[in-house]
Participant: 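My questions all concern the structure below.
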There are 2 protein chains.
Amino acid sequence: MARAGLTAERLTQAAADLADEVGFENVTVSALARHFGVKDASLYSHIRNAHDLRVRLAVLALAELADRVAAAIGGRSGKDALVAFAGAYRAYAREHPGRYTATQMALDPDTAATSAAGRHAELTRAILRGYDLWEPDQTDAVRLLHSTFHGYVSLERAGAFHSHPRGVEASWTRVLDALDSVLRAWPAL
Amino acid sequence: MARAGLTAERLTQAAADLADEVGFENVTVSALARHFGVKDASLYSHIRNAHDLRVRLAVLALAELADRVAAAIGGRSGKDALVAFAGAYRAYAREHPGRYTATQMALDPDTAATSAAGRHAELTRAILRGYDLWEPDQTDAVRLLHSTFHGYVSLERAGAFHSHPRGVEASWTRVLDALDSVLRAWPAL
DNA sequence: TGATTTGCCTAGGACCTCTAGGTAAGCCTA
DNA sequence: TAGGCTTACCTAGAGGTCCTAGGCAAATCA
C-alpha cells in the first residue's frame, strides 16, 4: 500500500477547498478522508478532532484574507485605501465562501491572538493614516469599518438584499462613499 | 402512556430556548426529543427534518427581533430612533445568542419573503423618516445601517474586539454618532 | 360504542466522530 | 544490508445524529 503522504497542512488546504465547494458546515473528517482515499480514523494522527480541523481552516483563511487585503492596500491611503481594502475583503468572501465562513468561527482567545485575527485590526488601522484620526477615535473607526464590511458581506451572502431591486453593487459604492465621508468628518463629530 | 402533546410551535419554542442555552449549532432533533422525554423519531410527524426545525427557529427569532425593534422605535424619529433601534437589536443578540445566530441563517427566498425578514428593512426605513433621504439613497442607507449593526454585534460576539482595551460600549456610542452624522450629511455626499 | 385520526412507539439503515490497538512502510544506524 | 525505530495508515468497534417504515394505542368523533 502506498501512503497518501498526509500532513496537517495538506489536510487543512484540502479542507479549505472542500469548504468552498460544499460549504463550511459540510467539512467533515469523513469527507476529507474520502477525498484522500484513506479511512477517517487515519486523519486523527494529524488533527486532534473535527473542531481542531475547522480551527486550522479558520486560521488559514484569516491569514489568506489578511494577505489579500495587505496586498490591495499597498501604498495607498485615504479613500483609495478604503476602497481597495473593502474590495479585497468582499472579493475574498465571494471567491471563497467556505473559507470566509470559516473566518467567522469563534476562536478561543489564545488561538485568535496567535492567528492573523490581529493583523486585520492593524490593516484596518492602516487605512486611517490618510484621515486625521487619533486614539481612541481610531479604534472606534476601525470597529465601524470592520463591522460594516463584515456585515455587508455577510448579509449579501445571506440574501438579505434580494428583497429590493436596487443593485447591490451600487449600494456598496455608496456605502463606501458614506464611510469615507464620515471618516473625514470624524474630528468634528 | 401519557402523550407529550407536541406541536410544531412547542418544538420551535423549545428549540429556541435550547439554542440560547447550548448554542444554535447544538440544536439537534435528538436533543429536542430528549428534552420532551420522547424518542427522536416522534418529532418527524411535526417537523420535516432537522433543517426544517432550524428554519422555523430562524423565522421565530426574526419575528421576535422585529417586534422588539418595532417597540423600541415607537414614535421616535431621527437619532432617537436610530439609537433605540440599534440598542434593541444589540440587546436581543446579547440576551438570545442562539436565537440571534438563527437569524443569520440563509433562508430560501420564499421563506424569507413570508417571514419577518422583510419587516427589518421596513423598520430600518422608519428610522430614516427623521432624515432627509429619498430613493435610492434610502435603500443604500438602510443597507449601511443593517450591515453595521449586524457586523458590530457579530464581531462583538466573536470576540474580535477583545484585542484592544477601548471599551466596546464607548465605541458603540461613537459608531452611532458617526452613523447619525453620515445620515444627516448624506444629501450632500 | 365503534371507527377514524393522530401521537408516539420500535426497528433499523446510513453517516459522522473518535478511541484502541495492530501492521507495515520508510528512515536511520551499524 | 540487516536490524530497529518512528510513523502513516489500517481494522474493529462504540456511541451519537438523522431519518424512514410500519405498528399500536390514545384521543376524538360519528
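Below, read A as the first sequence line, B as the second, and so on, with proteins coming before strands; counting in each chain starts at 1. Since the model is a prediction, treat every value here as computed from it, not as a measurement.
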Participant: Quickly work out the B/Ile47 CD1 to D/dT20 C1' distance and round it to whole Å.
Facilitator: 14 Å

Participant: Is there a side-chain contact between B/Ser147 and A/Val175 (heavy atoms, below 4.5 Å)?
Facilitator: no

Participant: Using whole Å, report how far CG of A/Leu6 lies from P of D/dT6.
Facilitator: 21 Å

Participant: Determine: side-chain N/O of B/Arg34 to OP1/OP2 of D/dG16, distance under 4.0 Å, yes or no.
Facilitator: no

Participant: Starting at CG of A/Leu32 and ending at P of C/dC16, how long is that distance when rounded to a whole Å?
Facilitator: 12 Å

Participant: Once you round it to whole Å, what is the distance between C1' of C/dT19 and CG of A/Asp52?
Facilitator: 16 Å

Participant: Nearest whole Å is fine: how far is C/dG7 P from B/Phe36 CZ?
Facilitator: 14 Å

Participant: Starting from P on D/dC18, measure out to CG on A/Asn26 and report it in whole angstrom.
Facilitator: 14 Å

Participant: Mind checking whether A/Tyr100 and A/His150 have parallel, tilted or perpendicular rings, split at 30° and 60°?
Facilitator: tilted

Participant: Look at B/His46 and C/dC8 and indicate whether a side-chain polar atom (N or O) is within less than 4.0 Å of OP1 or OP2.
Facilitator: yes

Participant: Quick check, are the ring centers of A/Tyr152 and A/Trp172 under 6.0 angstrom apart?
Facilitator: yes

Participant: Would you tell me if any nitrogen or oxygen in the side chain of A/Ser30 comes within less than 4.0 Å of OP1 or OP2 on C/dT17?
Facilitator: yes

Participant: Give a yes/no on whether any side-chain N or O of B/Ser42 is located under 4.0 angstrom from OP1 or OP2 of C/dC9.
Facilitator: yes

Participant: Heavy atoms only, 4.0 Å cut-off, all strands: where does A/Ala41 land among base, sugar-phosphate and nothing?
Facilitator: base

Participant: With a 4.0 Å cutoff (strictly under), does any side-chain N or O of A/Arg48 reach OP1 or OP2 of C/dC18?
Facilitator: no

Participant: If you take all heavy atoms of B/Gln104 and A/Ala158, which pair is closest and at what distance?
Facilitator: O-CB, 4.3 Å

Participant: Where the side chain of A/Val38 is defined as all heavy atoms beyond and including C-beta, which of D/dT20, C/dC18, D/dC10 is the nearest nucleotide?
Facilitator: D/dC10

Participant: Does a side-chain heavy-atom distance below 4.5 Å link A/Leu144 with A/Leu179?
Facilitator: yes

Participant: Quick one: B/Arg54 CZ to D/dT17 C1', roughly how many Å, whole number?
Facilitator: 10 Å

Participant: Quickly work out the A/Lys39 NZ to D/dT11 P distance and round it to whole Å.
Facilitator: 5 Å

Participant: Taking only side-chain nitrogens and oxygens of A/Thr28, does any of them come within less than 4.0 Å of OP1 or OP2 of C/dC15?
Facilitator: no

